[in-house]
Amino acid sequence: MLLPLITLVLPDLPLALAAFLMLGVDYGWLRGAPCEVRLATCRRIALAGLVLSLGLLAIQASRAMPAALDDGQLLLTPLTVALKAVILL
């Protein structure tokens with residue numbers, strides 16, 4: 001039951017992890033650093049999360065995808081995958 005859910009939301013996980021990583025690095029490790037360094041580091045983390053998410057989304061779009069999970073509460077069609085890609089770009 002958990003594996004289909006993870007495969008459906010797999011492209012969204014790098015975005016969430018990158019956001020939490022940015023917060024942790026910015027508030028912890030780079031607390032006293034200049035603003036330019038903090039911004040550049042957070043920008044690199046966000047870009048890595050976005051690129052990884054788009055790569056996973058492309059892999060998900062190229063494979064056979066499950067149509068629905070839990071009676072249609074989480075629906076994944078080629079149109080929704082394309083919409084997610086447009087939103088990420």
Side-chain angles (χ1 to χ4, degrees):
M1 174 65 187
L2 193 58
L3 188 60
L5 177 65
I6 290 174
T7 26
L8 282 176
V9 298
L10 190 62
D12 302 327
L13 289 177
L15 292 176
L17 291 176
F20 285 122
L21 183 64
M22 280 187 336
L23 285 173
V25 166
D26 188 40
Y27 289 145
W29 186 44
L30 296 175
R31 181 174 286 268
C35 189
E36 293 83 17
V37 173
R38 295 172 76 177
L39 183 62
T41 305
C42 288
R43 192 179 304 142
R44 286 186 191 109
I45 294 171
L47 182 64
L50 261 172
V51 167
L52 184 60
S53 181
L54 279 173
L56 289 172
L57 191 62
I59 291 171
Q60 189 181 51
S62 67
R63 295 186 311 153
M65 297 174 289
L69 188 66
D70 289 336
D71 296 326
Q73 288 181 356
L74 188 59
L75 185 64
L76 190 64
T77 63
L79 181 62
T80 58
V81 171
L83 183 63
K84 281 171 65 173
V86 167
I87 289 172
L88 283 176
L89 290 175

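Numbers for residues simply follow the sequence, beginning at 1.
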When the side chains of residues 39-58 are checked against the rest of the protein, which donor-acceptor pairs come out under 3.5 Å, sequence neighbours left out?
from: T41; atom 1: OG1; to: V37; atom 2: O; distance (Å): 2.8
from: S53; atom 1: OG; to: P11; atom 2: O; distance (Å): 2.5

Sequence neighbours left out, cut at 3.5 Å: what donor-acceptor pairs do the side chains of residues 15-33 make with other protein atoms?
from: D26; atom 1: OD1; to: R38; atom 2: NE; distance (Å): 2.6
from: D26; atom 1: OD1; to: R38; atom 2: NH2; distance (Å): 3.1
from: D26; atom 1: OD2; to: R38; atom 2: NH2; distance (Å): 3.3
from: R31; atom 1: NE; to: Y27; atom 2: O; distance (Å): 3.2
from: R31; atom 1: NH2; to: Y27; atom 2: O; distance (Å): 3.1

Inset, instruction - Could you list all the salt bridge (charged side-chain N to carboxylate O under 4.0 Å, His left out) pairs where at least one residue sits in residues 11-22, not counting sequence neighbours? - result: D12-K84
